[in-house]
Amino acid sequence: MSSMTKRGLVTPLAQDMPQSGIRKFFDYISGREDVISLGIGEPDFTTPRAVREACIRALEQGRTEYTPNAGLLELRESISTYLEDNFRVNYDPVHEMMVTIGSSEALDLALRVLIEEGDEILVPAPCYVSYSPITGLCSGKTVEVETTAANSFKLTAEQLEASITPRSKLLILNYPSNPTGAVMTYEDWLPIAKIVEKYNLFVLSDEIYGELTYGSKHVSFAAMPGMKDRTLLISGFSKAFAMTGWRIGYACGPEEVIAPMLKIHQYTIMCAPILGQIAALESLKPHGIEAKDMMMDSYNSRRQMFVSGLCQAGFPCHEPKGAFYAFPSIAHTGLTSEQFAERLLEETSVLTVPGTAFGKGGEGFIRCSYATSPAKLEVALERMAGFMKQFG
């Protein structure tokens, strides 16, 4: 095997792919029960009972078959209605939509279909950890467009335009944002849409946290004037519907992009699991929407309590208005983000994620998920406040 490795059995692109900065810290606590984890972006809610029961009924009825490659038509029709009712964007469920293994597969398929060697992919940063590695696997180059806490980590047209080169092809947007919790309003999007049109960019809009906004309604970039044909909307059921393990996502966009994505999906996946699709369909019924809204209200109360507690404990933190993350600054401690996260874990048993896991612009910050119980959040805040006393 060693001789084969020397001959290049594993491609350099795969060999050099970095480990996820989130999973790296999560692995540190394997087997430790004393740790309060603010690291993984997973709801602490169980999938609602009615959704679980619908899946059980389907299993007892023998629903264990393949579905169409694009997913159950009934589910696609339901997603189409949901998007139109909630985000004012309309997609043909037959030609402009496909169901995927979480939003992650949708992202992977899209980048494989759209990127050619040397293409530059613009990404507002700090950003979700998967964008750059998958772009690299497709022989593209990620260009981070740095956003700042002073502007609540919103993307501006000036920042975007300054990063564009003749090789710029795609813009990946993730609002509400992981890791910052930033959101973009209609007024924020207008100048971005003009830049997208001016430079003929195509947009991948990762809206997995679209339902989780506080104080304002999520505005889908695809719903902006003239942007639907330039945008692939990616989302799913993991976050807002507490269905992380079901792995059901979807992609919506122009047929010329969806069709080749579906071809790769046919060969690599065949179809998303039918029981997950049935569960997703149930979650879009009135009782599923009601449960989603209840969970969102709980996240909002935790957000207010946790961010206020961070500020009182000595962590400057902008107000996150979406998702379920806080992104406080630790720059004044003199430690790097990784040093701070390591020491915090070692000395207090509170797990956070260093901001650098989300790109260079994350240095000086840590990400904290408040999608855990209020009781654990209160204990975490007490421990973090005690830890900060040593920094004056």
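All residue numbers refer to positions in the sequence shown, counting from 1.
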Under-4.0 Å salt bridge between K239 and E211: no
Carboxylate-amine/guanidinium contact K198 E161, below 4.0 Å: yes
F241: which of V51, I248, L284 passes side-chain contact (heavy atoms from CB on, under 4.5 Å): L284
Enclosure of [X] [atom1] (heavy-atom neighbours >12, cutoff 6.0 Å):
X	atom1	value
K154	NZ	yes
E290	CD	no
E65	CD	yes
K141	NZ	no
E53	CD	yes

All side chain to side chain contact (heavy atoms under 4.5 Å, CB included) counterparts of E347, not counting sequence neighbours: R343, F387, Q390
Partners passing side chain to side chain contact (heavy atoms under 4.5 Å, CB included) against E378 (at least two apart in sequence or in another chain): M305
Six-ring centre of Y175, K321 cation under 6.0 angstrom, axis tolerance 45°: no
ring-ring contact (aromatic ring centres under 6.0 Å, His included) partner of Y299, the single match among Y214, Y209, F45, Y325: F45
Ring center gap for F315 and F365 short of 6.0 angstrom: no
Donor on one side chain, acceptor on other, E120 and T165, under 3.5 Å: yes
